[in-house]
Chemist: 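Supplied in structure tokens, the structure appears directly below.
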Amino acid sequence: QVQLVESGGRLVQAGASLRLSCAASGRTFSSYVMAWFRQAPGKEREFVAAISWSGASTYNPGSVKGRFTISRDNAKNTVYLQMNSLNPEDTAVYYCAADRILTSKQDEYDYWGQGTQVTVSS
């Protein structure tokens with residue numbers, strides 16, 4: 001079992017940076033792939049980025065590539081999402097998730113946090 005708790009979401013202005021954190025419980029955190037998803041108002045939840053158990057491999061699609069960076073600290077059981085150059089389209093609830101394989105398919109992820117709200121004003 002893995003329990004995930006996100007934090008760091010808040011209201012920011014366009015162009016700002018923000019770092020989200022996801023703290024995981026459980027001694028097997030380092031064996032899990034970790035990912036971030038987001039869900040904007042009225043839209044389906046979408047994949048943002050994922051990172052392998054070691055941190056050696058990351059995957060994020062073109063929509064946020066170059067602006068968002070995922071990282072992890074296995075000693076702290078924490079995964080991060082550094083978000084730069086935020087714009088109003090990034091407004092969403094951001095969720096972290098854990099799985100055994102590196103994938104963008106949310107149905108594959110077994111464990112989810114409760115989400116943290118990020119609001120970007122123009």
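All residue numbers refer to positions in the sequence shown, counting from 1. What's counted below: heavy atoms across the whole structure, side chains too, no hydrogens, waters or symmetry copies.
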Chemist: Just so I know, are the side chains of Val79 and Trp36 near enough to count as touching, which here means a heavy-atom distance under 4.5 Å?
Modeler: yes
Chemist: State yes or no: do Leu86 and Val93 share one hydrophobic cluster built from I, L, V, M, F, W and Y residues joined by side-chain heavy-atom distances below 4.5 Å, directly or via other members?
Modeler: no
Chemist: Quick one: do Ile51 and Tyr95 end up in the same hydrophobic cluster if we chain Ile, Leu, Val, Met, Phe, Trp and Tyr together by side-chain heavy atoms under 4.5 Å apart?
Modeler: no
Chemist: Using 0.5 Å steps for rounding, measure from the CG atom of Leu81 to the CE atom of Met34.
Modeler: 11.5 Å
Chemist: Ala40 and Thr91: which non-hydrogen atoms are nearest, and at how many Å?
Modeler: CB-O, 3.5 Å
Chemist: Is there a donor-acceptor contact under 3.5 Å from the side chain of Thr116 to the main chain of Ser7?
Modeler: no
Chemist: For Arg100, give me all partners under side-chain hydrogen bond (donor to acceptor under 3.5 Å, both in side chains), at least two apart in sequence or on another chain.
Modeler: Ser31, Tyr32
Chemist: Is a side-chain N or O of Glu6 found less than 3.5 angstrom from the main chain of Leu20, in a donor-acceptor match?
Modeler: no
Chemist: Under a 4.5 Å cut-off applied to non-hydrogen side-chain atoms, are Arg10 and Leu18 in contact?
Modeler: yes
Chemist: Nearest heavy-atom pair of Leu102 and Ser52: which atoms, and what distance?
Modeler: CD1-N, 4.0 Å
Chemist: Does the side-chain contact (heavy atoms from CB on, under 4.5 Å) test come out yes or no for Tyr111 and Gln1, once each step is laid out?
Modeler: CA-CA 8 Å; Tyr111 303 103; Gln1 284 282 353; 3.4 Å; yes
Chemist: For Glu46, check side-chain hydrogen bond (donor to acceptor under 3.5 Å, both in side chains) against everything at least two apart and list the hits.
Modeler: Arg38
Chemist: Does the side chain of Leu11 come within less than 4.5 Å of Ser121's, by heavy atoms?
Modeler: yes
Chemist: According to salt bridge (Lys or Arg N to Asp or Glu O under 4.0 Å), does anything in residues 55-77 pair up with another residue at least two apart or in another chain? List the pairs.
Modeler: Arg67-Asp90
Chemist: About how many Å separate CH2 of Trp53 and OG1 of Thr28, when rounded to the nearest 0.5 Å?
Modeler: 13.0 Å
Chemist: Using side-chain hydrogen bond (donor to acceptor under 3.5 Å, both in side chains) as the criterion, list what pairs up with Gln117, not counting sequence neighbours.
Modeler: Thr119
Chemist: What pairs meet the side-chain hydrogen bond (donor to acceptor under 3.5 Å, both in side chains) rule with one or both residues in residues 14-23, with sequence neighbours excluded?
Modeler: Ser17-Asn84
Chemist: Measure up the Phe68 and Tyr94 rings against each other and bin them: parallel (under 30°), tilted (30 to 60°), perpendicular (over 60°).
Modeler: tilted
Chemist: If you take all heavy atoms of Ala24 and Leu4, which pair is closest and at what distance?
Modeler: CB-CD2, 3.6 Å
Chemist: Quick check: closest heavy atoms across Ala14 and Pro88, and the distance to 0.1 Å?
Modeler: CB-CD, 4.2 Å
Chemist: Using the side-chain contact (heavy atoms from CB on, under 4.5 Å) definition, which of the options Asn60, Val64, Thr58 pairs with Ile70?
Modeler: Thr58
Chemist: Are Tyr80 and Val118 connected into the same hydrophobic cluster when the rule is that any two of I, L, V, M, F, W, Y join if their side-chain heavy atoms are below 4.5 Å apart?
Modeler: no
Chemist: Within the distance-only criterion (no hydrogens, no angle test), does the side chain of Gln82 pair as donor or acceptor with the backbone N or O of Thr69 below 3.5 angstrom?
Modeler: no
Chemist: Tyr109: what forms a ring pair (Phe, Tyr, Trp, His ring centres under 6.0 Å) with it, not counting sequence neighbours?
Modeler: Phe37
